Amino acid sequence: MGHPDENVYPTATGHALETVKQHEAPQDLVFWAGWFCPFVQRAWIVLEERGIPYQYKEVNPYKKEKHFLDINPKGLVPAVEYKGRALYESLIICEFLEDAYPSHTPHLFPTDPFERAYVRLWVDHVAKNVVPAFHRLLQGQTPEAQAAAREEYYESLRRVSEKAKGPYFLGAEFSMVDVVLAPWVIRDYILRDHRGYSRDAVGSGWKEYAEKLSTRESVLKTQSDLEHYEPIYGRYLRDEAQSEVAKATRAGKGLP
Ligand SMILES: N[C@@H](CCC(=O)N[C@@H](CS)C(=O)NCC(=O)O)C(=O)O
């Protein structure tokens, strides 16, 4: 039997497909992506926000093909090749795209060193607390496990919400905190439909912030038709997914 996650829909659809078609020509920067992946979407949002020229290349990371393992030995998307050299890990790529294209705007990190560190602090919170709790809730199988994960997820979001100035995390400026969070916010309908999650229950202001992130142009332009996410998340909801993230969540380990 094949690896179940090999059966993901092969290409982007909807708005994301239009974006892909505009980025077929060769460029110094090659963006190795999987249309369905929230980690990919982070880097993709940065590329679109900052108008960076890039060539989009779809790869199915579950196949672990040699050509892709040569780019990212972990075999995970996203990865980038810049003038022939490779980088991977979504947060590292997001920072690289900020540093390597200084003349492009908007800047997603503030210029003041303290403010930059503050943004990194909250990016770190999203990576260490928000995303793992999302996955624990998604994959939780018993009512008890789901209730505990739901509370943990709410708590991780409340911490963001309490600090968010509105309309974005830092106020008027869209920043890297918004970027790294947005892919999970637009996927929260899965938790709403299957795990009793509601944006209202996070607390005052969250719904407005979530709506603001969900309707940002760069977020919409990197989003495929929702119906194609369903089969993928179905496997997570039944705790059958075999991705590295799913296996780590199941084993109670930190995410890859
Ligand atoms: N820590 C990595 C995680 C990337 C990741 O897990 N990507 C998934 C797709 S959403 C993947 O490539 N999965 C292939 C696998 O698990 O074998 C990052 O932030 O880039």
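Keep in mind that this is a model prediction, so the values were computed, not measured. Atoms within a ligand are numbered from 1 in the order they appear, just like the ligands themselves.
Of the listed options V131, V77, I92, V77 places a heavy atom closest to atom 7 (N) of ligand 1. Considering only non-hydrogen atoms, atom 13 (N) of ligand 1 lies nearest to L76 out of L76, V40, L255.
Using a non-hydrogen distance threshold of 4.0 Å, G34 does not register as a contact of ligand 1. The shortest heavy-atom distance from K64 to ligand 1 is under 4.0 Å.
When all heavy atoms of V46 and M176 are compared, the pair lying nearest together is CG2-SD, 4.0 Å.
Legend: salt bridge (charged side-chain N to carboxylate O under 4.0 Å, His left out) pairs involving residues 183-198, not counting sequence neighbours, sorted by first then second residue: D188-R199.
The pair K221-E48 counts as a salt bridge, with a side-chain nitrogen and a carboxylate oxygen less than 4.0 angstrom apart. Taking a cutoff of 4.0 Å between a charged side-chain nitrogen and a carboxylate oxygen, E18 and K21 do not qualify as a salt bridge.
Distances between N or O atoms of S90 and those of ligand 1 include at least one value under 3.5 Å. Residue P256 has at least one nitrogen or oxygen atom sitting less than 3.5 Å from a nitrogen or oxygen atom of ligand 1, judged on distance alone.
The V245 neighbourhood of ligand 1 comprises atoms 6 (O), with distances under 4.0 Å to a heavy atom of that residue.
Between F174 and F169, the distance separating the two ring centers is not shorter than 6.0 angstrom.
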